[in-house]
2 protein chains.
Amino acid sequence: MQALLWQRAQAPFAGAFALPGGYLLGGETLEDSIRRHLAEKVDVRELSHIEQLVTTSDPSRHPSEWQVATAYLGLVPSDLDPELPIDTYWYPIDELPETAFNHGTIVLAGRERLRAKLSYANIGFALAPHSFSISQLRDLYAVALGHEVSATNLQRVLLRRELLEATGERRAPGPSGGRPAALFRFRSRALEITDQFAVLRPPG
Amino acid sequence: MQALLWQRAQAPFAGAFALPGGYLLGGETLEDSIRRHLAEKVDVRELSHIEQLVTTSDPSRHPSEWQVATAYLGLVPSDLDPELPIDTYWYPIDELPETAFNHGTIVLAGRERLRAKLSYANIGFALAPHSFSISQLRDLYAVALGHEVSATNLQRVLLRRELLEATGERRAPGPSGGRPAALFRFRSRALEITDQFAVLRPPG
DNA sequence: TAGGTTTTCTACTTACAGTCGATAACTTAG
DNA sequence: CTAAGTTATCGACTGTAAGTAGAAAACCTA
């Protein structure tokens, strides 16, 4: 799991890494502003989901100014690999570099939000390609949740909730053979809350 | 379920009802600001829980100014009945009056947040008195969730999660008799997320 | 055709939510 | 004092979904 960070050239926090973002323009919506600043870093059309995360007002977050900042959680499909400008990188969030402001905390808050929503919403659509095998999806969930996930159980849980549907196609087997995997897609690509709640516990 | 509203005397939205709140002072934390404005309306020491709800930036929320506003959800125990200043009332949220800004939407968002947290957190501590019978708690949950709840099931679910503990005391029976109810309390009065998720479905 | 690999299916087990009726512990009325 | 009414509590049963494991399917290469 990776976060998009860029290295600040100027004070404050020169040299530290920061999430994309910036000041709000008058009359602008927060989400519009986020998309505008993000567009300077990456092709934002592929943003599969975005939601408000938290608004921080702690006076200590900025060394000289007093700021109020609203963080958003944005997700892109795992098969996306857009070109990035210089000084901008995808960082594995388990090994974050020194971050500016409170951005390290915000990244962790985003991960927690994602983990929770995997249990009670169809948020997986934002991480997965348009069509995928259950094994691919299992691996995505395992990375996002931080523990192993049973493919059998994952498939049953998501099918029972009618979040997944089979495309009818199969993926060509890999070089070492194996049964070709049936492909699935999410029925909806907009966030929907489930009335069930699968913890998808780690095995063992 | 009721929301604390006061009637605005001045434009914009003169005569309409609004949630307590106001402008942020420089260097002030959002939560500090909320508590400061709230203290003008009601004794705020009894606020058993407060959490950030949503930050709105829609330019249409205010007729003349462009504003960014952060809403908080605050809860008080059900047995609390503080004195209120003139023009300030508890309103049943099913029959809200005409509200200023987007405050009607915010109240509904707060209710949804509360309903969700009742299923996967110990948020009930913020609504219940310090000690209570299971029947009392059942009635609280029923009001908050909007449907009947089984006392037997509620007790078992909350005990299994170790959110409740018996005080050992019993409540005096009512005027019409009946077995005196054993009293319980929440083990913790700080928000804790459960790793289970009980939907507490309506019976039938 | 045999052996290896990956996916998929199916049956079994476990755990908890939801239901229902019996029992306990009080009241008041006669 | 006893019976009837009321409220709370307990315990057993049921249904459903999650978690597990092993067998079968469908491909590959040698």
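A, B, ... follow the sequence lines: proteins, then strands. Residue 1 opens every chain. Keep in mind that what you see is a predicted model, and the values were worked out from it rather than measured.
- Within the 4.5 Å cutoff, no side-chain heavy atoms of B:Thr88 are placed close to those of B:Val42.
- Atom CG in A:Leu159 sits about 12 Å away from atom C1' in C:dT8, given to the nearest Å.
- Contact annotation: B:Ser176 does not reach the phosphate of C:dT27 (side-chain N/O to OP1 or OP2, under 4.0 Å).
- Applying the 4.0 Å criterion to OP1 and OP2 of C:dT8, one finds that A:Arg138 has every side-chain N and O outside that range.
- When distances are taken from the side chain of B:Gln155 to each of D:dA18, C:dT8, D:dC10, the shortest belongs to D:dC10.
- Between the side chains of A:Tyr23 and A:Glu28, no donor-acceptor pair is found at a separation under 3.5 Å.
- OP1 and OP2 of D:dG19 both lie 4.0 Å or more from every side-chain N or O belonging to A:Ser150.
- Of the residues near DNA chain C, B:Gly178 and A:Gln136, the one whose nearest nucleotide (by heavy atom distance) lies more toward the 5' end is A:Gln136.
- Per the geometry, OH belonging to B:Tyr141 stands 13 Å off P belonging to C:dG18, to the nearest Å.
- What separates CG of A:Leu183 from P of C:dT6 is a distance of 17 Å, to the nearest Å.
- Contacts of B:Ala182 with the nucleic acid, taken as non-hydrogen atoms under 4.0 Å apart, involve only primed sugar atoms and P, OP1 or OP2.
- Rounded to whole Å, atom P of D:dT16 lies 18 Å from atom CG of A:Asn153.
- Across the protein-nucleic acid pair, A:Leu137 atom CG and C:dT6 atom C1' stand 17 Å apart, rounded to whole Å.
- Here the P atom of nucleotide D:dA21 and the CD atom of A:Glu148 are 14 Å apart, to the nearest Å.
- Counted by atom type alone, A:Thr56 and A:Asp58 present zero donor-acceptor pairs between their side chains at under 3.5 Å.
- Using a 4.0 Å heavy-atom distance criterion, B:Thr152 is classed as a base contact.
- Judged by distance alone with a 3.5 Å cut-off, no donor-acceptor contact links the side chain of B:Arg156 to the base of D:dG11.
- Summarising the geometry, the separation between CZ on B:Arg171 and C1' on D:dT6 is reported as 13 Å, rounded to the nearest angstrom.
- For A:Arg170 and D:dA26, the shortest distance from a side-chain N or O to OP1 or OP2 is not below 4.0 Å.
- Sparse packing is recorded around CD of B:Glu83, with 12 or fewer heavy atoms of other residues, nucleotides or ligands lying under 6.0 Å away.
- Here D:dT7 presents its C1' atom at 9 Å from CZ of B:Arg179, a figure rounded to the nearest Å.
- Between B:Gln52 and B:Tyr72, the side chains place a donor N or O and an acceptor N or O closer than 3.5 Å (distance only, hydrogens not considered).
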